[in-house]
Amino acid sequence: MDIPKQYDPKQAEQNHYERWEKQGFFATEINRDPKAPVFSIVIPPPNVTGSLHMGHALQHTMMDVLTRYKRMCGHRTLWLPGMDHAGISTQLMVTRELKKEKLTRHDLGREMFIERVWTWKKESGGQITRQMRREGASVDWSREKFTMDEDLSRAVREVFVRLYEEGLIYRGNRIVNWCPNDQTVLSDLEVQKDPQAGKLYYLQYPVKGSDKHVTVATTRPETMLGDTAVAVNPADERYRDLLGATLVLPLSDREIPVVADEFVDPEFGTGAVKVTPAHDPNDYDMGVRHNLEQIAVIDTHAKMTEAAGADFAGLDRYQARTKVVEKFEELGLLEKVVDYEFSISKCERCKTVIEPLISTQWFLQMDKLRDLALDLMAREKKPRFVPAVPHEKVYTNWLENLRDWTISRQLWWGHQIPAWYTPDGQVIVARSEDEARQKAGTHELTQDPDVLDTWFSSALWPFSTLGWPEKTEDLKTFYPTSVLVTARDIIFLWVSRMVMMGLKFMGDRPFDDVFVTGTILDPHGQRMSKTKGNGVDPLEVFDKYGVDATRLKLASVGSTDVRWNDKQVESYRNFANKIWNAARFCLLNSEGATIKPETVSSGGSDLALHDRWILSRLNKTARDVREALADYEFHEAVQTLYHFFWDDFCDWYIELTKAEVTAEEATPKRDEARTRLITVLEQALRLLHPFMPYITEDLWLRLPGAHEKLLHQAYDGAQPTIMLAAYPEANSQLIDDEVEWQMQAVIDLISRVRNIRSEMNIKPGERVSILIGAPDEKLRSVLSANTNQISRLARASEVSIGETLEAPRASARAVLVGGAEVAVPLEGLIDFDQERQRLRKEKEKLQNEATKLEGQLANSQFAERAPAEKVAELRARISDIAQRTAQFDQTIANLE
RNA sequence: GCCCGCUUGGCUCAGUGGUAGAGCACUCGCUUCACACGCGAGGGGUCAGAAGUUCGAAUCUUCUAGCGGGCACCA
């Protein structure tokens, strides 16, 4: 057998995915057990324009770990993949392409443009699905969905019509967030507030029929052209006289009233606020309260309208600002300008400053839907957020303050709103144009040109992808899904809306749990972003360290924010190599061996200590990993596996069993040892598989044995793959603390001797004698039974054990559990002073601890109030330390 | 402004009422028949600061400081 010394991840990554996919291992139908429990996850659909970034890799790793784990446990698992049509992003992408051909989308017309988008999607979209294959994601590709698929579009229309018929969707003329660059309205969640260093302009408005004036402060002087009032707080003494007065609006021939409104904060600015109902959300509300005129002075391109007056019409809003300020200055009405920092609303996508405008749009009334979600949280604490803090509270607070959702967008790419207009202006909402014609009784219909917010279709994702509104088998089987794995930043945009829509249309939650992943920051603690260019490309990391190593790093991120560091991936790359070489050793010594699960499923006192010990460790590991995964403690699971494999299996078990396994002569005993070793390895590979799919599959297939018999019974008849092998159960019968204690005593002894060798500079090849004095009989018998192991691993020529220690004065010594003592005779190598000093230092450490513990025990309160168990534990510890210090004293005395 | 999180060895992070942990880095020694992406042995932390609760606090409470995040209509 020829196995390279170094693991080559690329080779394993190329060899298995295609076969897994072709064999249908990812598909839910692979499970033949009709009674199998169900586990399902829908993927947060990445944008069709997107390519894989670290955030995806992170989420996908967690989802794949869970899916592979549950699949190995025999669950009927579905991890459903798909993509989002990503309205604006995709439209922009194709628009940019057209621009290269010196075309605009208007040159093509709507129909041609949409065709063009589909062509683009077919040719260059969905890069991410190819990259997911590299990740090893075990998604069911036969169920892949796209939010613009016909069946999903049908679900969108169905939902729209039902909500409209219930009066929850309505069309209205209201103030909205408008992006002058993207030429569409945006929801509140797509607007980001950025701090901005700006100016606060103090403008004076003359009072009609008087030489007085009122000063208002504003950050946006250009909007004064659309002012229709000035508001003051009704309780503000300073302006009491002015209430009801009329002001002359400069640069315009209009007169505007002074109104009283509680909204105005007398403390801020001058206490008088200019009111521009058409261009500010607060002013809009005030305008509604006071029945003020709404004068739009800025248009959808952020240019001033005719209504702004001849001097300003056609100017850009910022040019207009300058001009307004100049004119006020000329008129002597500019009181002052002060520096002022405020927050400005920007389009999250293109960073253009949002223009609040009054516009006719479609809205979804949220209060009833919101209550469904809030009730679920209040009654059942669902969905269960992991971690609960802070997400549960943030989610709840957000719902409590939820406002109506602007769902229409002025785009071409997306689900066109299923609303039609008759020539006389009647609105017909229907599932199809045919239905609309029937309802309207005419064929002369025009469909609303707008499309729906991308997040509207995403909100339906957990049930639309499973066939809703049809009552499909999939929907029945997989809804509600088990868990949603997602990043923090779309809890409002997506998670909350899925909960509301799921409750509304399925009458049930879309998922039980929401696992919120942490964020991967750059090495300086900054968020990774395209614009900053500080992102780390997961594909490059895959190339450099391998997919499995990267996955292990990502899984151990869990739900905290961490700075990216290649070193950590490197150490997992080393771990993969360690696994490879451990397997290499097993395979090089596998003649006569075959995987036999029964050799690890039962113990037996006839087994050697190290064999019973590794079974105990193996089962404890299975137990701990299962518990960790049940609570989404990925980091814990990874650490447990890492230390089991490296420390327990490689550092100790392989070394302890090596003598038997590498024996020259082929004997039944050797075969048994080899079989046991390879079977433990096989179990370890299974435990690791959800995290490291490639290396585990690659090695597993090389192990000698009847692989098809190792599959979980739910997968009877499937081709052999570790993916479908049963995840190891924790057999509590085999978890044996007594055995672990005994093995630990042997390990401690070996470590103490190695320490002496190292401290005394004994050459690695040189054999020493080990003399042990152990008053405790049990310890003596444990050590006696393992003298071969001890002499091999501590490189000793002889090991002698007695009740008391009889060693030459010129020995290096160490003290063990229960006051046992070990000595290594080193004639001529011992500097007695130095040795005494070394021992005193050791003793001192113990004494420090003893002082602390005795102080605690001396406290009468402790004995009274602490649990008896803790007190006993402390006493035992003190007595062990006492035994050991006594031994130290004697040891030191012997050296005098 | 309101809410929340973080602060543990040089670095990146676990732990979360009862003896301070890992990986990397560091020191020393090793071509020991799976692995130098390795083996063996070490050094290094009064767990941000203060007060409190408790028999006992890195862990719970309060305050302070620094860093980070979310929400909010302050012109």
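Each chain gets a letter, A, B and so on, in the order the sequences are listed, and its residues count up from 1.
The residue A:Lys870 sits close to a base: some heavy atom pair falls under 4.0 Å. Backbone-only engagement by A:Asp651 is indicated by non-hydrogen atom pairs under 4.0 Å involving sugar-phosphate atoms exclusively. Within 4.0 Å of A:Tyr340, counting heavy atoms only, lie sugar-phosphate atoms of the nucleic acid but no base atom.
At a threshold of 4.0 Å, the pair A:Asp566-A:Lys544 counts as salt-bridged, since one of the basic side-chain nitrogens sits closer than that to a carboxylate oxygen.
Figure legend: A:Lys658 and A:Phe585 shown as a cation-pi pair, the cationic atom lying under 6.0 angstrom from the six-membered ring centre and within 45 degrees of its axis.
Contacts with RNA chain B (heavy atom under 4.0 Å) in residues 258-269 of chain A: A:Phe263, A:Val264, A:Asp265, A:Phe268, listed by number.
Whole-Å rounding puts the A:Asn397 CG to B:C3 C1' distance at 8 Å. Nucleotide B:C37 holds its C1' atom 17 Å from the CD1 atom of A:Ile3, rounded to whole Å.
Looking at residues two or more places apart in sequence or on another chain, you find a salt bridge (charged side-chain N to carboxylate O under 4.0 Å, His left out) between A:Lys199 and A:Asp339.
Using modelled atom types, one finds no donor on one side chain facing an acceptor on the other under 3.5 Å when comparing A:Asp698 with A:Tyr7. Defined by atom type and a distance below 3.5 Å, a donor-acceptor pair is present between the side-chain atoms of A:Glu335 and A:Gln204. A donor-acceptor pair shorter than 3.5 Å cannot be found between the side chains of A:Glu570 and A:Asn574.
Using the six-membered ring where Trp is involved, A:Tyr642 and A:Phe575 have ring planes that are tilted, between 30° and 60° apart. Ring-plane geometry between A:His391 and A:Phe385 is classed as tilted, the angle between the planes lying from 30 to 60 degrees on a 0 to 90 degree scale.
Residue-to-nucleotide contacts include no donor-acceptor pair under 3.5 Å from the side chain of A:Lys5 to the base of B:C35. Below the 3.5 angstrom threshold, one finds a donor paired with an acceptor across the side chain of A:Glu655 and the base of B:A34. At a cut-off of 3.5 angstrom, the base of B:C35 holds no donor-acceptor pair with the side chain of A:Arg584.
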Let me see the working for A:Ser187 and A:Glu190 under side-chain hydrogen bond (donor to acceptor under 3.5 Å, both in side chains), right down to the final yes or no.
CA-CA 5 Å; A:Ser187 75; A:Glu190 291 159 293; 2.9 Å; yes

For RNA chain B, just give me the dot-bracket, please: Watson-Crick or G-U, both distances below 3.5 Å, ( ) intra-strand, [ ] crossing earlier pairs, | paired with another strand, . unpaired.
((((((((.[[[[.)..(..]]]].(((((.......))))).....[[[[[..)....]]]]])))))))....

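Listed pair A:Trp646 / B:C39 meets the phosphate criterion, a side-chain N or O lying under 4.0 Å from OP1 or OP2.
Each of A:Pro523 and A:Glu849 has a nearest nucleotide on RNA chain B; the 5'-most of these lies closest to A:Pro523.
With both ends at atom C1', the span from B:C11 to B:G49 equals 23 Å, rounded to whole Å.
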